[in-house]
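Report on the structure given below.
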Amino acid sequence: MYGVDPRVSERRRWWIVAAIILAAGTSVVSQPEASATTPPCQVTNLRNGHTSAGAGANLQRAIDAATPGTSLRIRGLCTGNFSIVKDLILLGKPTAAHPIPTLSGGDDGTVLRIGPLSSEVSLVRLRVTHGHTWPGDNAAPGGIENRGTLSLSNATVAGNISNSYGGGILNGGHLTLEGSTVVIGNHSDHYGGGIYNGRNAVILNDASSVRNNTARASGGGIAMGAGALRLNDTSTVSGNRAGGLGGGIFAFGHVTLNDSASVSGNHSDVSGGGILNAGVLKMNGQAVVSRNTARRDGGGIDTSHGGLTLDGIASVRSNKAGVAGGGVFGDDGNVRACTTWAGEISPNDPDDPPAPTVVSC
C-alpha cells in the first residue's frame with residue numbers, strides 16, 4: 001500500500017458510510033413540460049387494434065387491460081406514474097409532431113414501476129424522463145423502479161431525479177440495456193446517479209452508455225451492492241460525477257469489462273474516479289479505463305478493498321489522482337495479470353502502478 005496520507009481518516013469515513021448503506025448522493029435541472037399544443041398520448045394495442053388517446057391515464061388503462069405478452073404502440077407524450085405487473089412490450093412510434101415518444105413523470109414521482117420478478121417487460125424506442133421524487137417519498141427512484149426482468153432497446157432514460165437511490169433506474173431484478181440505450185443526465189441525492197443495482201444483474205450491450213449522471217454520495221454513473229455488472233461490446237460509463245466514492249462505478253459485487261468497453265472521463269470528489277471496486281473486477285479484451293480523475297486516490301481505479309484481474313490488452317491509462325494511484329490504487333496483491341495480458345497501467349498521474357501478480361487465467 002502507498003504511504004498513509006494525513007487525510008485518510010475522511011476517506012475511511014466515506015468507506016464506513018458506504019459499506020453500511022450498501023450492505024442492508026450538479027443536479028439535473030428539470031425543464032417545464034411541453035405546452036398544451038403537445039400531441040396527446042396515443043396508445044394502440046397491437047393484439048386487438050384498439051387505440052386510445054389522452055394525456056397519460058389512457059396508457060395506464062391500456063396496460064391494465066392488455067393480455068400478458070401484448071405489444072402497446074405509443075405515440076406522443078404520456079404523462080403520469082405508470083405500473084406494469086405482467087409481460088408487456090411498449091413500442092415507441094415517432095411522429096413528425098413528436099419524434100421521440102416519451103413517458104414523463106411530470107416531475108412528480110417515479111415514472112415507471114415494474115414487477116414482480118416474473119414480469120418480462122421491454123421498452124423500445126422510448127424516452128423516460130422527468131421522474132422526480134422528493135424527501136419523504138420513501139427512498140424512491142426517479143425514472144424506473146425495476147423489480148422484474150426489463151430490457152431497454154434504443155431507449156433513453158434522462159433528466160430524472162431521486163431523493164435517494166437510482167436517479168435514472170433502481171434495479172431490483174434483471175436489467176439489460178441493448179441497442180445504444182442511454183442513461184443520461186440523471187441525479188441521485190445518495191447512490192447511483194444513473195443506475196442503482198442491489199444484488200441483481202445489469203448488462204450493457206451494443207454500444208449502450210451510462211453518462212453525465214451525478215450522485216451526491218457515491219456511484220455517479222452506477223452504484224451496486226453484491227450484484228453483477230457487465231459492460232460488453234463498445235458500451236461505456238462516461239462523464240459521471242460523485243461527491244463520494246466511484247465517479248463512474250461504485251461496486252461491492254462483480255464487475256466485468258469485455259470487448260472494447262470503456263470507463264472514461266468520470267470524476268470522484270474522494271477516491272475511485274473511474275471505478276471504486278470493493279468486490280471483483282475483471283478487464284478483458286480491449287477494455288480501457290481512461291481520463292478519469294479523483295481528488296484523492298485511484299484516478300482510474302481504487303481497488304484497495306477489492307481485486308482486479310487484467311487480460312487481453314486491457315489498459316488503464318491517462319487517469320489522474322490528487323494523492324496516489326493515478327491509474328490504480330491498491331496493494332500489489334490486489335492486482336493480478338493473466339499470463340496472456342499485453343496491456344498497460346501507464347501513463348497516469350502520478351504514474352505509480354502496483355506490480356501485478358502474474359497468474360494463469
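As a basis for the values below, the full set of heavy atoms in this structure was taken, side chains included, without hydrogen atoms, waters or symmetry mates.
The backbone N or O of D206 sits less than 3.5 Å from a side-chain atom of D233, completing a donor-acceptor pair. Using a distance-only test at 3.5 Å, with no hydrogens or angles considered, no donor-acceptor pair links the side chain of N266 to the main chain of G273. Here the side chain of N213 pairs a donor or acceptor atom with the backbone of G185 at under 3.5 angstrom. Side-chain N or O atoms of N277 include one that pairs as donor or acceptor with a backbone N or O of G307 at under 3.5 Å. The closest donor-acceptor contact from the side chain of T102 to the backbone of I100 lies under 3.5 Å. At distances below 3.5 Å, at least one donor-acceptor pair connects side-chain atoms of R125 with backbone N or O atoms of G92. Side chain of D297 to backbone of S271: no donor-acceptor contact under 3.5 angstrom is found. A donor-acceptor contact shorter than 3.5 Å links the side chain of D87 to the backbone of E120. Remark: the backbone N or O of G265 is not paired with any side-chain donor or acceptor of S238 at under 3.5 angstrom.
In this structure, the side chains of V289 and L257 come closer than 4.5 Å at one or more pairs of heavy atoms. When side chains are defined from C-beta on, S104 counts as touching L77, because their heavy atoms get closer than 4.5 Å. No side-chain heavy atom of T156 sits under 4.5 Å from any side-chain heavy atom of V128. Using a 4.5 Å heavy-atom cutoff, the side chains of E178 and S151 are in contact. Side-chain contact check for L231 versus V237: some heavy-atom pair is nearer than 4.5 Å. The shortest distance between side-chain heavy atoms of V316 and M283 falls below 4.5 Å. Side-chain contact between Q60 and S83 is present, with heavy atoms from C-beta onward closer than 4.5 Å. Considering only heavy atoms from C-beta on, S260 comes within 4.5 Å of Q286 through its side chain.
Applying side chain to side chain donor-acceptor pair (under 3.5 Å) to K320 and the options T293, N348, D349 leaves one that passes, D349. Partner of I275 under the side-chain contact (heavy atoms from CB on, under 4.5 Å) criterion, out of V263, T303, L245: V263 alone. When each of N186, V182, L123, V111 is paired with V157, the side-chain contact (heavy atoms from CB on, under 4.5 Å) condition holds for N186 and for no other.
Annotation: the span from I301 atom CD1 to F329 atom CZ amounts to 13.5 Å, rounded to 0.5 Å. Between the CG atom of N160 and the CD1 atom of I144 there is a distance of 8.0 Å, given to the nearest 0.5 Å. Distance check: W341 CH2 to D311 CG gives 10.0 Å after rounding to the nearest 0.5 Å. The CG atom of L308 lies 6.5 Å from the CD1 atom of I345; values are rounded to the nearest 0.5 Å. Rounding to the nearest 0.5 Å gives a distance of 8.0 Å between CG of L150 and OG1 of T176. Atom OG of S290 sits about 6.0 Å away from atom CZ of R317, to the nearest 0.5 Å.
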* To do: Could you give me the CA-CA distance, side-chain angles and deciding distance for L59 and I74, then say whether side-chain contact (heavy atoms from CB on, under 4.5 Å) is met?
  => CA-CA 8 Å; L59 172 57; I74 298 171; 3.9 Å; yes
* Give the C-alpha distance, both sets of side-chain angles, the deciding distance and a yes or no for side-chain contact (heavy atoms from CB on, under 4.5 Å) between T256 and V280. => CA-CA 8 Å; T256 306; V280 177; over 6 Å; no
* Evaluate side-chain hydrogen bond (donor to acceptor under 3.5 Å, both in side chains) for S164 paired with H190, printing each intermediate quantity in order. => CA-CA 5 Å; S164 57; H190 293 293; over 6 Å; no
* Could you give me the CA-CA distance, side-chain angles and deciding distance for T181 and S208, then say whether side-chain hydrogen bond (donor to acceptor under 3.5 Å, both in side chains) is met? => CA-CA 5 Å; T181 290; S208 293; 4.6 Å; no
* Worked check of side-chain contact (heavy atoms from CB on, under 4.5 Å) between R75 and H98 -> CA-CA 8 Å; R75 296 183 176 94; H98 208 290; over 6 Å; no
* Asked: After noting the C-alpha distance and the side-chain angles of D302 and S304, does the key distance pass the side-chain hydrogen bond (donor to acceptor under 3.5 Å, both in side chains) rule?
  -> CA-CA 6 Å; D302 182 340; S304 56; 2.7 Å; yes
* **side-chain contact (heavy atoms from CB on, under 4.5 Å) evaluation trace for L117 with H174** => CA-CA 8 Å; L117 186 60; H174 302 290; 3.7 Å; yes
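Side chains of T214 and R241: no donor on one and acceptor on the other come within 3.5 Å. Checking T339 against S360 by side-chain atom types alone, no donor-acceptor pair falls below 3.5 Å. If you check the side chains of N232 and N205, you find a donor sitting under 3.5 Å from an acceptor. One side chain, N319 or N292, offers a donor N or O that lies under 3.5 Å from an acceptor on the other.
Here the shortest heavy-atom pairing between S209 and R211 reads OG-NH1, 3.0 Å. Closest heavy-atom contact between A321 and G298: CB-N, 3.9 Å. Between T309 and C361, the closest heavy-atom pair is CG2-SG, 4.2 Å. In terms of heavy atoms, H254 sits closest to M224 at O-CE, 3.8 Å. The nearest pair of heavy atoms linking G343 to S315 is CA-OG, 3.7 Å. N58 approaches V43 most closely through the heavy-atom pair ND2-CG2, 3.8 Å.
Surrounding NZ of K86 are more than 12 heavy atoms belonging to other residues, nucleotides or ligands, all under 6.0 Å away. Heavy atoms from other residues, nucleotides or ligands lying under 6.0 Å from CZ of R336 number 12 at most.
The aromatic rings of F250 and F252 sit perpendicular, their planes meeting at an angle over 60°, well past the 30° parallel limit. The aromatic rings of Y191 and Y165 sit parallel, their planes meeting at an angle under 30°, below the 60° perpendicular limit.
Taking hydrophobic clusters as Ile, Leu, Val, Met, Phe, Trp and Tyr residues chained together by side-chain heavy-atom distances below 4.5 Å, I222 shares a cluster with L281. Follow the hydrophobic side-chain contacts under 4.5 Å out from I249 and you reach V202 in the same cluster. Cluster membership for V210 and V288, using ILVMFWY side-chain heavy atoms within less than 4.5 angstrom, is not shared.
Other residues sharing a hydrophobic cluster with L46 under the 4.5 Å side-chain heavy-atom criterion for ILVMFWY residues are I89, L91, V124.
Listed by first then second residue, pairs satisfying side-chain hydrogen bond (donor to acceptor under 3.5 Å, both in side chains) with a partner in residues 45-56 read T44-T51, not counting sequence neighbours.
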